[in-house]
Amino acid sequence: MEKPCILATTFGAPRGIYKCFAPVVEKHFTIIPHETFLLDQKNLSEQIKAVFVWGGALKVDRGLMQSLPNLKVVVNGGVGVDHLDIPMINSFGVKVCNTPHVVDNATADIGMGLMLASARKIVEGHHYSLTHNNEDMPESSMGMDVSGATLGIIGMGRIGYKVARRAQGFDMKILYHNRNRRKEEERAVGAMYCANMEDLLQQSDFVMVVVNLSLATQKLIGAKELAMMKPTSTLINISRGLVVDQDALVEALQKKVIRAAALDVTYPEPLPIGHPLAALPNVIILPHIGTHSVETMQIMVEKMVTNALAVLGGNQPPDEVKV
Ligand SMILES: O=C(O)[C@H](O)CO
């Protein structure tokens, strides 16, 4: 029997994601890369039953939906589906799935990695070791302790909780702000709830943003919030770029309103070469790689396949996203 066709973005191809994981998908599907689809849309559109997306690289807009008459499911690699208009997709009788639960550890790890790298000047130290140039690691730029410091976690969902568990191992004082108080998690990691985000911002040495992007969280951290943070504090963002007002962040870093920022996410992604954020010495920027470990990506891709097969087989997929 012929394998069903899926349309897949080749986002990440330069970083090897597509090449590495295509075989997992190809056991069950024929992959039509987006580039190929664009060249021969007329002949290919009826064959496509599923679309696989990674972030917003492949725009699943009304035009694409109209061009795929036999499409049954859009599967997102990752949890955040802020780049997908779910009601619009559903209006075509097409389901949306994502890959929850499996990204939590990897994303929490990158948050800890960013915090440690920024606090202990790991990137600067690497450059200095290669160049022996004092400008790469001036004596004035000593690091700061993570152990025993105060971490403020904004968003105590699954990933926020994993961050808190790790921070507990570093003897950190943990504060968190969340829409709802999470008493069980709080007790488990010895965290203190800040009903008011302002309290968390004022008291934390490291503020880590772990919320989903929504209308309520867009630019949640702006000039006002940055001004509430300690001048010695660091902002770490592992959620979505748009949760932080990037212009306000550039200004706060330039004026040393806060000590540093460490970002896995920006807008746009990747950040354009020469962007003002990149010119600052007190910033670490990653290209949204929170989930990019071989093990996590493997499980994510397997989950994407399981969801797509379920829908195409007429069954309820395990990870349908409903609004
Ligand atoms: O949402 C997620 O799971 C990650 O950020 C990957 O997009």
Side-chain angles (χ1 to χ4, degrees), residues 8-18 20-21 24-25 34 51-60 73-86 89 96-115 153-163 166 208-218 220-221 235-244 246 261-271 284-308 317-323:
T9 166
T10 51
F11 171 68
R15 285 185 260 144
I17 299 168
Y18 180 78
C20 201
F21 298 104
V24 180
V25 180
H34 192 223
V51 171
F52 278 18
V53 287
W54 303 88
L58 194 168
K59 295 251 169 305
V60 184
V73 61
V74 173
V75 191
N76 180 59
V79 181
V81 286
D82 44 274
H83 52 289
L84 296 173
D85 182 347
I86 296 171
I89 296 171
V96 174
C97 299
N98 67 350
T99 63
H101 307 288
V102 298
V103 302
D104 305 349
N105 281 324
T107 311
D109 288 347
I110 214 83
M112 294 304 284
L114 282 168
M115 177 164 61
I153 301 173
I154 301 180
M156 187 59 100
R158 287 190 302 264
I159 297 173
Y161 178 60
K162 294 276 185 178
V163 169
R166 285 156 174 72
M208 197 176 303
V209 184
V210 201
V211 292
N212 290 331
L213 175 63
S214 67
L215 283 178
T217 60
Q218 197 160 327
L220 180 70
I221 305 295
L235 180 75
I236 300 135
N237 187 4
I238 56 170
S239 66
R240 286 291 182 268
L242 278 168
V243 173
V244 175
Q246 226 159 247
L263 314 167
D264 182 39
V265 287
T266 54
Y267 57 89
E269 286 171 0
L271 207 60
I284 297 176
I285 304 166
L286 296 180
H288 198 154
I289 54 166
T291 57
H292 291 197
S293 70
V294 173
E295 297 84 352
T296 296
M297 294 293 286
Q298 171 92 23
I299 301 170
M300 274 167 72
V301 175
E302 283 166 3
K303 247 182 177 283
M304 292 171 84
V305 167
T306 303
N307 276 287
D319 305 304
E320 180 172 5
V321 187
K322 292 190 175 150
V323 281

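Order of listing sets the numbers, starting from 1, for every ligand and every atom in it.
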Say whether S239, considering both its backbone and side-chain N or O atoms, lies within less than 3.5 Å of an N or O atom on ligand 1. no
Report yes if V79 has an N/O atom closer than 3.5 Å to an N/O atom of ligand 1; otherwise report no. yes
Indicate yes or no: does D104 engage K162 in a salt bridge with an N to O separation below 4.0 Å. no
Can you find an N/O atom of G80 closer than 3.5 Å to an N/O atom of ligand 1? yes
Under 3.5 Å, is there a donor-acceptor pair between the D319 and H101 side chains? no
For the residue pair P318 and T306, what are the closest heavy atoms and their distance? CG-CG2, 4.2 Å
Would you mind checking if R166 and D109 are paired as a salt bridge, meaning a charged N to carboxylate O distance below 4.0 Å? yes
Just distances here: any N/O of T291 and N/O of ligand 1 closer than 3.5 Å? no
Taking only heavy atoms of R240, which atoms of ligand 1 are found under 4.0 Å from at least one of them? 1 (O), 2 (C), 5 (O), 7 (O)
Answer yes or no: is there a side-chain heavy-atom contact under 4.5 Å between V25 and M304? no
Options E269, H288, H83, ranked by nearest heavy atom to atom 4 (C) of ligand 1, top entry: H288
